[in-house]
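To start, the structure under review is shown below, and the notes come after it.
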Amino acid sequence: APYHTTSNMRGSIVFLLSSTLLGVFTLENGLGRTPQMGWNSWNKFGCGVNETTLRKTMDRFIELNLVKYGYNYVNIDDCWAGYRDDKGFVHPDPKTFPSGMKSLADYAHSKGLKFGLYSDAGVKTCAGRPGSLGFERKDAQTYAAWGVDYLKYDNCFNTGIPERVRYPIMSKELLQSGRKIFFSMCETGRDDPTEWAPQIANSWRTTKDIENDWHSVILNILLNDAGASVAGPGSWNDPDMLEIGNGNLNFDQSKVHFSLWCITKAPLIIGCDLSTITPETLSILTNAEAIAINQDPLGKQAVIVDRRVNRITWKGSLQDGSFALVVVSFSGDLKYYIDFGTLFGDSQANYTIRDIWEHKDIGSFRKGYLTPIIP
């Protein structure tokens, strides 16, 4: 296989002061101070979603104690909307959501969860359901009345109107809806969203849809690197949802997938069926040390600092002055020497390294560290 697994480490740099983000004008709705965490229906269920599935998923959230680890949003993706009435208000599909969206939102809130919906900045959603273009105010008011906490906003059937024109309209209407609603733009990176999305959204897609495939995972995280400097508390780059637990990634690939999303401060949105989740998958998604890196208050997205034919290294700063590192190997069973002078600018200090998957300190090192074999 062309891609293999990684060693994932967090190193404390004893002499380094905490970094600070450069000032960037961002959306101020008080939400998303750390990357959002939750679950979304699309990767596993697509248009096969219904209210029974959603209620069972919410029940499993509690049974699996996912809230303890920070997961709190339960989001319905496309195919929930049924029609618009003669006054222009959207209604759920009566066949799949007969109890309505407010009932589901109330159920989520009763369990201490948050509830999310999907719409589209076009005349139709990607699956052909009613879109929000031209109905932004009505839809924002409707979502607020239903108790919606999160909106994923897609980019299909947009009639050619530029993204920079369409997306700010919904952002404004959500802000004026009377309810705090997390705004997740799914513009898929078409119009350089890192240049303008931080002003109007809590997160924005930087890539096309992820696929349940190792190559897609790596491609999306590489594309996500370009806009790292504008991400931070309240505004996050989004390389799309997690494919862990959907069958095509092996255990080591899944650990790499989660490690990369955590270190790059990507949203952690589970995309598998929680009713059949394996202990192995759950152990990855609930790695508290990896999640702590993702949720670190500094909010500094890790970037690629060393890119070679056979490996790539990501490095990110943390609030306590330490760093997180992920090294991904692409060439089989090899060891790699991590040169501290190259990575941190000083090879004379002592560096304490911790393996967050083994949950143990490896030791204190000077000048560099030779990794174990990366299979």
Side-chain angles (χ1 to χ4, degrees), residues 1-16 19 214-215 217-222 224-225 228 239 242 244 249-266 280-281 283-294 296 298 300-318 320-375:
Y3 299 108
H4 296 275
T5 61
T6 71
S7 173
N8 303 280
M9 295 158 292
R10 172 179 172 177
S12 291
I13 310 306
V14 298
F15 62 90
L16 189 69
S19 303
W214 177 234
H215 296 270
V217 169
I218 295 301
L219 175 61
N220 276 27
I221 204 64
L222 292 176
N224 196 59
D225 191 65
L242 297 168
I244 298 163
L249 302 180
N250 65 35
F251 184 63
D252 289 319
Q253 290 170 341
S254 296
K255 287 199 300 184
V256 175
H257 184 3
F258 197 66
S259 298
L260 289 171
W261 262 239
C262 283
I263 197 174
T264 58
K265 305 299 186 290
E280 193 175 69
T281 294
S283 72
I284 295 172
L285 296 173
T286 58
N287 182 325
E289 292 191 67
I291 291 170
I293 290 172
N294 178 264
D296 183 74
L298 183 63
K300 185 77 170 178
Q301 179 177 328
V303 295
I304 296 171
V305 293
D306 186 16
R307 183 169 182 174
R308 307 186 187 191
V309 172
N310 61 353
R311 74 179 186 272
I312 303 176
T313 302
W314 281 260
K315 182 184 81 170
S317 301
L318 302 175
D320 65 2
S322 62
F323 290 94
L325 295 178
V326 174
V327 182
V328 181
S329 167
F330 297 95
S331 56
D333 295 349
L334 297 173
K335 295 183 178 182
Y336 292 116
Y337 183 74
I338 298 174
D339 186 278
F340 295 154
T342 300
L343 276 180
F344 308 120
D346 187 340
S347 62
Q348 300 306 308
N350 289 322
Y351 299 80
T352 301
I353 296 178
R354 180 172 178 81
D355 188 319
I356 66 166
W357 287 104
E358 294 296 325
H359 302 294
K360 66 180 183 181
D361 292 332
I362 296 174
S364 183
F365 300 85
R366 197 173 177 185
K367 293 187 178 180
Y369 172 71
L370 184 64
T371 71
I373 290 177
I374 302 176

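Keep in mind it's a predicted model, so treat the numbers as computed, not measured.
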To the nearest 0.5 Å, tell me how far [X] [atom1] sits from [Y] [atom2].
X      : Y      : atom1 : atom2 : value
Phe251 : Ser283 : CZ    : OG    : 4.5 Å
Ile362 : Asp355 : CD1   : CG    : 5.0 Å
Lys315 : Leu325 : NZ    : CG    : 8.0 Å
Ser322 : Ile353 : OG    : CD1   : 12.0 Å
Thr286 : Phe258 : OG1   : CZ    : 8.0 Å
Thr352 : Phe365 : OG1   : CZ    : 9.0 Å

Please name the residue in the list Ile221, Ile244, Ile218, Asp252 that meets the side chain to side chain contact (heavy atoms under 4.5 Å, CB included) test with His257. Ile244
Among Val327, Thr264, Val303, exactly one meets side chain to side chain contact (heavy atoms under 4.5 Å, CB included) together with Trp314. Which residue is that? Thr264
Is a salt bridge present between Lys265 and Asp296, judged by a nitrogen-to-oxygen distance below 4.0 Å? no
When you measure from the side chain of [X] to the backbone N and O of [Y], does any donor-acceptor pair fall under 3.5 Å?
X      : Y      : answer
Asn287 : Ile356 : yes
Lys255 : Trp357 : no
Thr313 : Val305 : no
Arg366 : Gln348 : yes
Asn294 : Ala266 : yes

Minimum heavy-atom distance [X]-[Y], with the two atoms named:
X      : Y      : value
Lys300 : Ser317 : CB-O, 3.8 Å
Gly368 : Phe340 : N-CD1, 3.3 Å
Gln253 : Leu249 : OE1-CA, 3.5 Å
Ser364 : Asn350 : OG-CB, 3.6 Å
Ile284 : Ser254 : CD1-CB, 3.5 Å

Check the pair Asn310, Tyr336 against side-chain contact (heavy atoms from CB on, under 4.5 Å), reporting the backbone distance first and the verdict last. CA-CA 10 Å; Asn310 61 353; Tyr336 292 116; 3.8 Å; yes
Is the shortest heavy-atom distance from the side chain of [X] to the side chain of [Y] under 4.5 Å?
X      : Y      : result
Leu260 : Asn224 : no
Val256 : Val217 : no
Leu285 : Leu242 : yes

Got a sec, which residues hit salt bridge (Lys or Arg N to Asp or Glu O under 4.0 Å) with Asp361, two or more places apart in sequence or on another chain? Arg354
With a 6.0 Å cut-off on ring centres, are Phe344 and Phe323 close enough? yes
